[in-house]
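Chain letters run A, B, ... following the sequence lines, proteins first and then strands; every chain starts at 1. We use all heavy atoms of the structure for the numbers below, so side chains are in, but hydrogens, waters and symmetry mates are not.
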Protein chains: 2
Amino acid sequence: MAKQERRSRPGDGPERIYAELRRSIIGQELSPGSRLPEAAVAARFGVSRTVVRAALARLASEGLVLWPNNRSAKVASPSLAESADVFGLRQVLEGAVMDRLADRIDPQGVARLRAHVAREGTAEATHPAEAIRLAGEFHVLLAELTGSPLLARYVSDVVSRSSLILAGTGRSHSSQCAVTEHLELIALLERGDGTGARQAMAAHLLHVVGRASLPPA
Amino acid sequence: MAKQERRSRPGDGPERIYAELRRSIIGQELSPGSRLPEAAVAARFGVSRTVVRAALARLASEGLVLWPNNRSAKVASPSLAESADVFGLRQVLEGAVMDRLADRIDPQGVARLRAHVAREGTAEATHPAEAIRLAGEFHVLLAELTGSPLLARYVSDVVSRSSLILAGTGRSHSSQCAVTEHLELIALLERGDGTGARQAMAAHLLHVVGRASLPPA
DNA sequence: GCCAACGATACTGTATACAGTTTTGTGGGA
DNA sequence: TCCCACAAAACTGTATACAGTATCGTTGGC
């Protein structure tokens, strides 16, 4: 017999707060530098500081918030150097993703990618913040399709940081360009062109940086 | 005036427990699968469960312990597939490290590397567990010299996991071979041979895997 | 006016209490 | 013997209390 659904199971508290804060940060509802006092966050979500601290620890480990000792956590505001570092690593990691995917991607994976890009296209005009999030998740989906959990995790990490960086610049057409470039990446993978896919990804990432008017990595 | 040294400053508790547990795990004092009940760990180190939970959270985020909901944390025991994943990512990340270092390494960096390898040589015969740790830290040091904090962090991450994996196999001569190979890597970097350094690193990592009698990545 | 000392306020770090969940051990029936 | 039910023990999840630390405004001296 199926267990009765509960409104929140034990252990889900931190996860929920983490997800909500993360969404707020990437969606610019919390701008870089915003302070996140534990008590305030706890009150806002109706939980205790204990739960908030667990969520903050995770956000800090992903670089989305800074959390110095004995001081309030605050939303990270990456410097130019840090931004360059993030995108430099994306070149490394996502280059490896393309190499691996060109060999092993199957029609089902291609279909998932195309479906995702379709959602990007839908959100692109109406929900700019969500468009940024979806554009990032496309890259995470690519990484997941490699079948390497670790690679997927690191890509997810740098993509989160990228979203925070890009949210700060607030270019609204970023996503439109991303859609056509994402489709191009899929096409290259589909025909097994690993070299082309790697190069296209490198160019795509440079475009993303360029549109955000950051100096190239 | 300098502040009076304290035995432990607030906020240092979790960090200390984290470091001690990590050392015990990598040093095989805690073997894979060992249970880590919060209360037991807390009693052992003379702190409260609060502190232990923070340390466990960090270890779990680095993949050294598994921490399912409502269950005791336990030391991870990586499967063959997970081990292959770890070393596959090391190829990607450390290949990038060599590329970057061949351009930018300075005599001071070379000196630090050589000094480190000297310590590896000293520990190699007498303290096998410490030799494994030092061999890992050589790779972390390489990554740090690139000047990319993020790259350094990810390398540190996969090296930790590797240490856990290698500790399980318990090959005692691993470290001796590592010393000569590490010196070879330094020599290649010193003469600016990026391609050679990248290839040598790839071979080195394959050797490490081979000595541990794991299937090649 | 300017700056240092100081006190109030806000906030974090850690311990602990209690409730809820999982695990373990034990006895009874087939 | 095997296996299920069930109760006891072990353990985690969360809230809360209290002590310690940073932050900020104010006051007093110059």
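- With distances taken from any side-chain atom of A:R49 to the nucleotides D:dA22, C:dG13, C:dT22, the minimum falls on C:dG13.
- Considering only the side chain of B:E38, D:dT12 comes nearest among D:dT12, C:dG13, C:dA15.
- With C:dT22, C:dA15, D:dA15 as the candidates, the nucleotide lying closest to the side chain of A:V47 is D:dA15.
- Residues B:T122 and B:H127 have side chains not in contact (no heavy-atom distance under 4.5 Å, counting atoms from C-beta outward).
- When rounded to the nearest whole Å, the span between CG of B:N69 and P of C:dT22 equals 10 Å.
- Between B:R35 and the phosphate of D:dC11, there is a side-chain N or O to OP1/OP2 separation shorter than 4.0 Å.
- We find that CZ of A:R53 is positioned 16 Å from C1' of D:dG13, with the value rounded to whole Å.
- Atom CZ of B:R44 is surrounded by 12 or fewer heavy atoms from other residues, nucleotides or ligands within 6.0 Å.
- Residue A:D12 contributes atom CG, which lies 17 Å from atom P of D:dT12 at whole-angstrom precision.
- The CZ atom of A:F45 sits 21 Å away from the P atom of D:dG13 (whole-angstrom rounding).
- With rounding to whole Å, A:I17 atom CD1 is found 14 Å from D:dG13 atom C1'.
- In this entry the distance linking CZ of A:R16 with P of D:dG13 reads 16 Å, nearest Å.
- Both B:R71 and B:T50 lie near DNA chain C, and the one whose nearest nucleotide falls closer to the 5' end is B:T50.
- Side-chain contact check for B:I186 versus B:F138: some heavy-atom pair is nearer than 4.5 Å.
- Counting heavy atoms from C-beta on, the side chains of B:F45 and B:V51 never come closer than 4.5 Å.
- For B:S72, counting side-chain heavy atoms from C-beta on, the closest listed nucleotide (C:dT14, D:dA22, D:dT12) is D:dT12.
- Comparing atom distances between the B:N70 side chain and each of C:dA15, D:dT12, D:dT14 picks out D:dT12 as nearest.
- The side chain of A:S48 approaches D:dA15 more closely than any other nucleotide in the set D:dA15, D:dG13, C:dT14.
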